[in-house]
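Letters A, B, ... mirror the listed sequences (proteins, then strands); counts begin at 1.
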There are 2 protein chains.
Amino acid sequence: MNAGSDAPQARRRLPPEARTPQILRAALEEFAERGYAGARMAAVASRAGIAKGLIYHYFPSKEALFQATVHACTRPVFEEAERQLAGHAGPARDLLGSLVRIGYARIGADRQERILFRLIITEAERFPDLARFYRDEMLARATGIARAVLRAGVAAGEFRPEVADMPGLAEVVLAPVLMASVWRMILGETEAPAPESLRDAHLDLLLRGLSA
Amino acid sequence: MNAGSDAPQARRRLPPEARTPQILRAALEEFAERGYAGARMAAVASRAGIAKGLIYHYFPSKEALFQATVHACTRPVFEEAERQLAGHAGPARDLLGSLVRIGYARIGADRQERILFRLIITEAERFPDLARFYRDEMLARATGIARAVLRAGVAAGEFRPEVADMPGLAEVVLAPVLMASVWRMILGETEAPAPESLRDAHLDLLLRGLSA
DNA sequence: GGACTTACTGACCGTATGGTCAATAAGCAG
DNA sequence: CTGCTTATTGACCATACGGTCAGTAAGTCC
């Protein structure tokens, strides 16, 4: 009951390496909730529990704060999937199954990730950096994983040979997972199509469609 | 060279039924380009070639204009697909093929539609009307069409029986088309995955995955 | 032509918000 | 304790933008 973690701390001085991520976290929330134009610097400050002026001590402008916020999210999003991919030994269909399951699980779990995705869709046109970031750090890595699985399946004789190098197939394979996330953004978790149904139907279609 | 269609018309008076759609068109452009918060009423007026005050003669507020703009888009988006569905006689796989082709063709063609979709993703959280509109007028109708095709295929013995009523399958079937549109929003037409490749891979996967 | 309705204009207002800055005090070195 | 650095504040601009309104003139009916 003494040191409330979000009480109006009376001028607690922090070193930049502690204050900066705090501001970035607050900024991500605010930008995600209101979009770039709708976000207010005063609200970011309030979320971070500091005065507005302090933000400008760390970032020269709203735009700079926005860019920094996005770049701070470059953390490896696909670590788990890539680890699975590297360490897998059994049949490719099992690998595919567990990767798809990971994908749909994240949709429900990782709020941060959906927020970032929405921000990218919303602001990509005005901030080319965002589009580049999505293309290189998210789409390219995701399709890379998908393609690796497809090739592994072909190599093992489980999938028909054509799928190893069909252009666009990797994108098509993962599109339903991404749309599940988009639907959830639009409709909310109560109204959006149930992730479990999507996952099962998706997996069923994939296994039938890819098998030799 | 006399009556330039977008010259600063010197106080040309128009009946409301002519002025209203002009304002709505301008508003759709502005909202699509800047989002709700970023859109400026003065810019809408300028796009429509009128004074800002006139907008308030027709719409009481920015929010009302936004709602009206969206509702004006409720035109039957799926007319073409529904006509195809009703009038089709041959094999279900051909119907499926031609519907998928229509879907990918629209992605390239109908800018208006992509704009609306983006606006929905962007603003659905703040305007529940938008989410409802998307759910009832777009998603429900699209999945309805998909489900009808699946059932027709099962009835004709072309598709395996399970696909007639698998929950979530209709959504999974059309997800790649929608994602193609989203990718195009984010990456632009030069950087986004080629619609033709996506279409071919998508169709290949579907026919293999659904067939009996 | 005169009277009347109403589409239309543009100057104006209040407020919200991005950004500035001089003053303040927290932490630290001596 | 004294003095220094700099993180932190909050009052303060300048401006942009949503919204208002008194006035103007385009079209129409007689």
**Closest-nucleotide ordering on DNA chain C, the 5'-leading residue of Ala42(A) and Ala51(B)** =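 Result of the comparison: Ala51(B).
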**5′-ward residue of the pair Glu63(A)/Pro15(B) relative to DNA chain C** =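 On the 5' side of the pair lies Pro15(B).
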Rounded to the Å, how far apart are [X] [atom1] and [N] [atom2]?
X: Glu30(A); N: dG18(C); atom1: CD; atom2: C1'; value: 13 Å
X: Ile23(A); N: dT8(D); atom1: CD1; atom2: C1'; value: 11 Å
X: Tyr36(A); N: dT17(C); atom1: OH; atom2: P; value: 14 Å
X: Met41(A); N: dT8(D); atom1: CE; atom2: P; value: 15 Å
X: Lys52(A); N: dT17(C); atom1: NZ; atom2: P; value: 10 Å
X: Phe59(B); N: dC8(C); atom1: CZ; atom2: P; value: 12 Å

Candidate nucleotides [options], ranked by approach to the side chain of [X] - the nearest:
X: Ile50(A); options: dG19(D), dT9(D), dG27(D); result: dT9(D)
X: Ser61(B); options: dG19(D), dC8(C), dA25(C); result: dG19(D)
X: Arg40(A); options: dA26(C), dG27(D), dT17(C); result: dT17(C)
X: Lys62(B); options: dC8(C), dG19(D), dT8(D); result: dG19(D)
X: Tyr56(A); options: dG19(D), dG19(C), dT6(D); result: dG19(C)
X: Leu14(A); options: dG19(C), dA26(C), dT8(D); result: dT8(D)
X: Leu54(B); options: dT8(D), dT9(C), dT6(C); result: dT9(C)

**Prompt:** What does Ala39(A) touch in the nucleic acid at a heavy-atom separation under 4.0 angstrom: a base, only the sugar-phosphate, or nothing?
**Reply:**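 Sugar-phosphate, backbone atoms only, no base.
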**Message:** What contact category does Tyr58(A) fall into here, base, sugar-phosphate, or nothing, at under 4.0 angstrom with non-hydrogen atoms?
**Reply:**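 Sugar-phosphate contact only - Tyr58(A) comes under 4.0 Å of backbone atoms but never of a base.
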So, OP1 or OP2 of [N]: does either fall under 4.0 Å of a side-chain N or O from [X]?
X: His57(A); N: dA7(D); answer: yes
X: Arg12(B); N: dG27(D); answer: yes
X: Arg19(A); N: dT8(D); answer: yes

Given side chains that start at C-beta, do those of [X] and [Y] come closer than 4.5 Å, heavy atoms only?
X: Glu33(A); Y: Arg47(A); value: yes
X: Phe31(B); Y: Ile115(B); value: no
X: Leu203(B); Y: Tyr104(B); value: no
X: Leu24(B); Y: Leu65(B); value: yes

**Item:** Residue pair Gln22(B) / Arg19(B), side-chain donor-acceptor N/O under 3.5 Å
**Value:**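 Arg19(B) and Gln22(B) do have a side-chain donor-acceptor pair below 3.5 Å.
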**Prompt:** For Gln67(A), does its backbone N or O pair with a side-chain atom of His71(A) as donor and acceptor, under 3.5 Å?
**Reply:**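 Present.
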**Request:** Between Gly38(B) and Arg13(B), name the one whose nearest nucleotide on DNA chain D is closer to the 5' end.
**Result:**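 Between the two, 5'-proximity favours Gly38(B).
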